[in-house]
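Here the structure is laid out as structure tokens; the discussion comes afterwards.
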Amino acid sequence: MSSTPPAAAPSSGPRSALGRIPKVPFWAQILLGLVLGALLGWAARSGDIGWLQTTLDKIGDIFVQLLMVVIAPLVFFAILVSITNLRNVSNAARLATRTLLWFMITSLIAVSIGLAIGLLTDPGSGTGLTAADGADPKKKGSWLDFITGIVPTDVITPFTQLNVLQIVFMAAVAGIAVLQVGEKAQPLLNLSESVLALLQKVLWWVIRLAPLGSLGLVGHAIHTYGWNLIGQYATFTADIYVGCAIILFVVYPLLLATVAKVNPLQFFKGAWPAIQLGFVSRSSVGTMPLTQKVTERLGVPKEYTAFAVPFGSTTKMDGCASIYPAIASIFVAQVFDVPLELRDYLLIAFVSVIGSAATAGLTGATVMLTLTLSTLGLPMAGVGLLLAIDPIVDMIRTATNVAGQSVVPIIVASRENILDRAAYDTVSASGLDRDEAAPQPAAVTTA
């Protein structure tokens, strides 16, 4: 008998060739979408190309609609399951308390930076804008509305009107009730975990469309607003981007290096896909599954991440609720020629730290700004001055929010000695490009 091994079967030509093509990383796909979107938006605007304008608009709208359609049920089941997950974490009450404390500390740092930048640059001076250019916003925020608006009048309206704050309230009540009922509520908890897994899988498919969505959204923004609008609001826009950049690339790395005692570069390597998606989608809640995934891969225990990230996605808003209202309040006061005193700046800080839940993780921060202006007694028409520029500054605001929603769990996990430092030190973004990296349900381990 011949011992010669059989010849290897020839591989299929096209399939083999495709297999050798290097896969473009997810972050590079999004970056490519941003660049192409800007170029196509500029071409559509300068050449007045109608079909290209419509195409970019529709691509962006469809991507946002796909994100928004699952947000309400996703928030409800994510918060419910995350609260029940706390029973699997030792010292759960201390973890929750420290998480909230660090949310407040970082918000105070952010609003202080925003106030300092606003006072140094005078963003409302020399714009040529007057009170006549403003208009009252359709949505307003007040402390009374914030307090009374937490409790829904029925269980359907918060989902149809996408009132995230009320959805969070109902989910928290349901989660606590599940814990109190115990074993009898286990079937409901199992169903909630299954629904959450389904929603996360669907949203992960939408997330994979982010490069195409970024092309449409950025292209539409460039076509609609061009560069002239940015020029008129140059100082204000620069202030927001500089302030958020300081938080992103100075404050967070310093906290990671000094408090968590980890390498900040590893954080950006692991969290960058979520930060990019936040920049494109302008929705902290829409980015939540990816934020949760990257935070887990950075070594934070899954049970704690399942609580901290959903909680942070609705309350942790250093960009929208700290940097932005601080600089915007100074901008509005200067345009309307209203002097601000030390008391007013303290009120801005107070509103930013305490009232950030009013932002509720949705696209835009109009409600938070109106809450701040009403507290200061500034004209609501000032909000209308900023609506045109809002989509442009909202991208960096949301990216900052998302980064903070991952940074704080890392800090708390490190301080509590539950951070997997080996996982943190070896994390890379490449794993998110594999199919198996899709977000998994925040399952509760039971006996």
Side-chain angles (χ1 to χ4, degrees), residues 100-119 123-124 134 136-150 163-166 168-169 236 239-240 243-244 246-247 251 284 311-336 338-387 390 393-394 396-398 400-401 404-405 408:
L100 180 60
L101 179 62
W102 275 105
F103 282 175
M104 297 175 69
I105 290 173
T106 50
S107 295
L108 183 59
I109 294 172
V111 73
S112 300
I113 291 173
L115 289 172
I117 292 175
L119 290 173
D136 288 339
K138 295 180 180 179
K139 294 182 179 180
K140 298 181 181 180
S142 69
W143 286 108
L144 181 61
D145 291 339
F146 174 66
I147 295 172
T148 60
I150 295 177
N163 189 321
V164 175
L165 197 58
Q166 293 182 354
V168 169
F169 174 81
F236 177 80
D239 284 355
I240 299 296
C244 288
I246 291 174
I247 298 297
V251 174
S284 296
F311 181 48
S313 295
T314 55
T315 59
K316 176 61 179 164
M317 303 285 164
D318 286 346
C320 290
S322 297
I323 290 288
Y324 178 70
I327 297 175
S329 296
I330 295 174
F331 175 89
V332 171
Q334 291 176 345
V335 170
F336 285 84
V338 178
L340 297 179
E341 301 175 352
L342 177 61
R343 167 184 169 274
D344 298 312
Y345 298 124
L346 293 176
L347 279 175
I348 293 173
F350 174 79
V351 174
S352 297
V353 173
I354 303 300
S356 61
T359 310
L362 297 179
T363 301
T366 301
V367 172
M368 185 62 193
L369 179 56
T370 59
L371 182 64
T372 307
L373 295 183
S374 64
T375 302
L376 296 173
L378 291 173
M380 286 294 166
V383 179
L385 297 173
L386 299 172
L387 288 179
D390 191 74
V393 297
D394 195 30
I396 190 65
R397 290 187 321 217
T398 307
T400 307
N401 296 342
Q405 291 154 14
V408 168

Residue that, paired with C320, satisfies side chain to side chain contact (heavy atoms under 4.5 Å, CB included) out of T400, V393, D394: D394

Minimum heavy-atom distance between S284 and N401, given as atom pair plus value: OG-CB, 3.5 Å

Salt bridge (Lys or Arg N to Asp or Glu O under 4.0 Å) contacts touching residues 368-378 (sequence neighbours left out): none

Side-chain touch I240/I327, heavy atoms, less than 4.5 angstrom: yes

Point-to-point distance, once rounded to the nearest 0.5 Å, from CG of L376 to CD of E341: 11.5 Å

Whether T106 side chain and F103 backbone form a donor-acceptor pair below 3.5 Å: yes

Side-chain donor/acceptor pairs under 3.5 Å, residues 328-336, sequence neighbours excluded:
unit_1: S329; atom_1: OG; unit_2: P325; atom_2: O; d: 2.6
unit_1: Q334; atom_1: OE1; unit_2: G124; atom_2: N; d: 2.7
unit_1: Q334; atom_1: NE2; unit_2: D122; atom_2: OD1; d: 3.0

Between CD1 on residue I348 and CG on residue L340, distance to nearest 0.5 Å: 6.0 Å

Partner set under side-chain contact (heavy atoms from CB on, under 4.5 Å) for I105, not counting sequence neighbours: L101, W102, I109

Residue list, side-chain contact (heavy atoms from CB on, under 4.5 Å) with L100, at least two apart or on another chain: M104, F311

Polar side-chain atom of S352 near backbone of A321 as donor-acceptor pair, under 3.5 Å: yes

Close side-chain approach of I246 and I117, heavy atoms under 4.5 Å: yes

Gap between atom OG1 of T372 and atom OH of Y324 - 0.5 Å precision: 10.0 Å

Pairs meeting criterion salt bridge (Lys or Arg N to Asp or Glu O under 4.0 Å) with involvement of residues 318-334, two or more places apart: K316-D318

Trace of the side chain to side chain contact (heavy atoms under 4.5 Å, CB included) decision for M317 with S322: CA-CA 7 Å; M317 303 285 164; S322 297; over 6 Å; no

Heavy-atom pair with the smallest gap, counting every atom of G114 and A326: C-CB, 3.9 Å

Gap separating the CD1 atom of I396 from the CD1 atom of I247, nearest 0.5 angstrom: 11.0 Å

Smallest separation among heavy atoms of D344 and P339, with atom names: OD2-O, 4.2 Å

Atom pair SG (C244) and CZ (R397), whose distance is rounded to the nearest 0.5 Å: 8.0 Å

Closest non-hydrogen atom pair, D239 against P123: OD2-CB, 3.5 Å

